Amino acid sequence: MGCRRQPRLPITLTASLCGMDMKNRAFLERVRVTNLSRDGVLIENVESAVKVGDLVTLRCEETTRRFRVIWKQCVGEGGRIGLTGVGPVPTIADTCWLPAAAADEYVRPRVTIRRESSRYECEIAVEMRIRDVLTPMWVTANDISEAGCRVQVPHAMTPDTEVSIALWLDGERVWMQGKVTHSLYGCGTGIEFTKIERAALLRIANVLANSESEVSDRRETAIEQNQLCTAHSATS
């Protein structure tokens, strides 16, 4: 069982991307498709300022379809973004060169531990304030470590967004500064603590000491990952 939900087809195509940028200005530009599946596309050379969660339209060959931006990455002068399809697959693409729906055997190599601090499952109320936004956001933290936490938000957030968050620990608000490290639409947002007082750190350490459910790091050693994939395939 691979890490991807559908097989991807490595391919190089020129396509047209259009939508609205972060300043609500319409854009139309030429981009390069580097791989695709029945429900997703990876494109490069994106110059427009799109953000995670935006809806865009991609025209490739004779096919036009709407997509949602689920992640973005800056690479050199242009950007690289991942798109997931919105709505049904167009009929012309359904009978043409898109790969058929099937189980994907691809497993991304994982040879190092990614996290510096162990994470533990939790359910903590969080008050989050985004820079330059007056209204606070009330969310829930699903896991926490001494270096950061993961929160459930109603929409995707742009990486590197600066935030102030308050964790409700033992009935009191504990404030700290942080930034968004990643945000996957519908799957939560990672927050890295960038400035935290010692008293707050001690409170978090106390919560971790009383936690029993550690969140496993997906980037385990290659041997551990292969064992995990084998076990998953046997029970799926």
Side-chain angles (χ1 to χ4, degrees), residues 19-25 27 40 46 48-56 66-74 79-86 114-211 213-218:
M20 303 293 289
D21 63 16
M22 298 177 65
K23 296 184 178 180
N24 291 324
R25 297 178 302 190
F27 68 85
V46 180
S48 300
V50 297
K51 63 181 185 296
V52 174
D54 282 353
L55 291 175
V56 296
R66 299 192 73 193
F67 292 87
R68 187 184 302 278
V69 180
I70 56 173
W71 62 266
K72 60 179 294 186
Q73 179 184 27
C74 294
R80 175 186 298 164
I81 62 176
L83 305 176
T84 184
V86 177
R114 176 185 55 182
R115 297 171 181 160
E116 297 180 357
S117 303
S118 298
R119 291 189 187 182
Y120 292 86
E121 293 181 2
C122 68
E123 188 171 341
I124 300 174
V126 178
E127 179 181 345
M128 183 164 63
R129 295 179 178 271
I130 305 174
R131 186 175 182 180
D132 299 328
V133 177
L134 298 178
T135 306
M137 184 184 305
W138 290 93
V139 295
T140 301
N142 297 110
D143 63 52
I144 188 173
S145 73
E146 294 182 352
C149 63
R150 180 171 65 91
V151 297
Q152 289 293 337
V153 296
H155 54 78
M157 298 180 64
T158 304
D160 295 325
T161 298
E162 296 182 1
V163 297
S164 297
I165 64 173
L167 303 177
W168 284 85
L169 304 176
D170 299 326
E172 296 184 12
R173 287 190 303 178
V174 180
W175 284 96
M176 59 208 69
Q177 301 297 314
K179 69 175 182 179
V180 175
T181 59
H182 65 277
S183 187
L184 187 60
Y185 186 80
C187 296
T189 296
I191 304 293
E192 176 187 354
F193 301 149
T194 57
K195 184 178 180 181
I196 180 172
E197 295 182 356
R198 179 173 177 79
L201 193 59
L202 290 176
R203 282 181 175 270
I204 293 176
N206 183 58
V207 172
L208 298 180
N210 295 320
S211 300
S213 301
E214 183 174 353
V215 179
S216 62
D217 192 323
R218 294 183 301 164

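One is the number of the first residue; the rest follow in order along the sequence. Quick caveat, the model's predicted, so the values are computed rather than measured.
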Inset, instruction - Supply the atom-to-atom distance Ser48 OG to Met22 CE, rounded to the nearest 0.5 angstrom. - result: 12.0 Å

Legend entry - Ile165 side, atom CD1; Gln177 side, atom CD - distance, nearest 0.5 Å: 9.0 Å

Legend entry - Close side-chain approach of Val69 to Lys51, heavy-atom, < 4.5 Å: no

Legend entry - Side-chain heavy-atom pair Phe193, Cys149 within 4.5 angstrom cut-off: yes

Legend entry - Donor-acceptor contact below 3.5 Å, side chain Asn24 vs main chain Met20: no

Inset, instruction - Given side-chain contact (heavy atoms from CB on, under 4.5 Å), test Trp175 with Glu197 step by step and report yes or no. - result: CA-CA 8 Å; Trp175 284 96; Glu197 295 182 356; over 6 Å; no

Legend entry - Straight-line distance of Met157 CE to Thr181 OG1, nearest 0.5 Å: 10.5 Å

Legend entry - Gap between atom CD of Gln152 and atom CZ of Arg150 - 0.5 Å precision: 5.5 Å

Legend entry - Backbone N/O of Gly53 and side chain of Arg68: donor-acceptor pair under 3.5 Å: yes

Inset, instruction - Could you give me the CA-CA distance, side-chain angles and deciding distance for Thr189 and Val139, then say whether side-chain contact (heavy atoms from CB on, under 4.5 Å) is met? - result: CA-CA 11 Å; Thr189 296; Val139 295; over 6 Å; no

Legend entry - Minimum heavy-atom distance Ser183-Val52, with the two atoms named: O-CG1, 3.8 Å

Inset, instruction - Calculate, to the nearest 0.5 Å, the distance between atoms OG1 and CE belonging to Thr194 and Met176 respectively. - result: 10.5 Å

Inset, instruction - Looking only at non-hydrogen atoms, find the nearest pair between Val50 and Phe27 and report the distance. - result: CG1-CZ, 3.6 Å

Inset, instruction - Could you check Ser211 against Ile144 for side-chain contact (heavy atoms from CB on, under 4.5 Å), going step by step and ending with a plain yes or no? - result: CA-CA 10 Å; Ser211 300; Ile144 188 173; 5.9 Å; no

Inset, instruction - May I ask you to check whether Glu214 and Ser118 show a side-chain donor-acceptor distance below 3.5 Å? - result: yes

Legend entry - Worked check of side-chain contact (heavy atoms from CB on, under 4.5 Å) between Glu123 and Thr140: CA-CA 6 Å; Glu123 188 171 341; Thr140 301; 3.8 Å; yes

Legend entry - Closest approach of Met128 to Ile191 (non-hydrogen atoms, all atoms of both residues): SD-CD1, 4.3 Å

Inset, instruction - Taking all heavy atoms of Ile124 and all of Leu167, pick out the closest pair and write down the distance. - result: CG2-CB, 4.2 Å

Inset, instruction - Might you point out which heavy atoms bring Leu169 and Arg203 nearest each other, and give the distance in Å? - result: O-NH1, 3.5 Å

Legend entry - Polar side-chain atom of Ser145 near backbone of Ala147 as donor-acceptor pair, under 3.5 Å: yes

Legend entry - Nearest non-hydrogen partners of Glu146 and Leu201, listed with the distance: O-CD1, 3.8 Å

Legend entry - Atom pair CG (Asp160) and CD (Glu162), whose distance is rounded to the nearest 0.5 Å: 9.0 Å

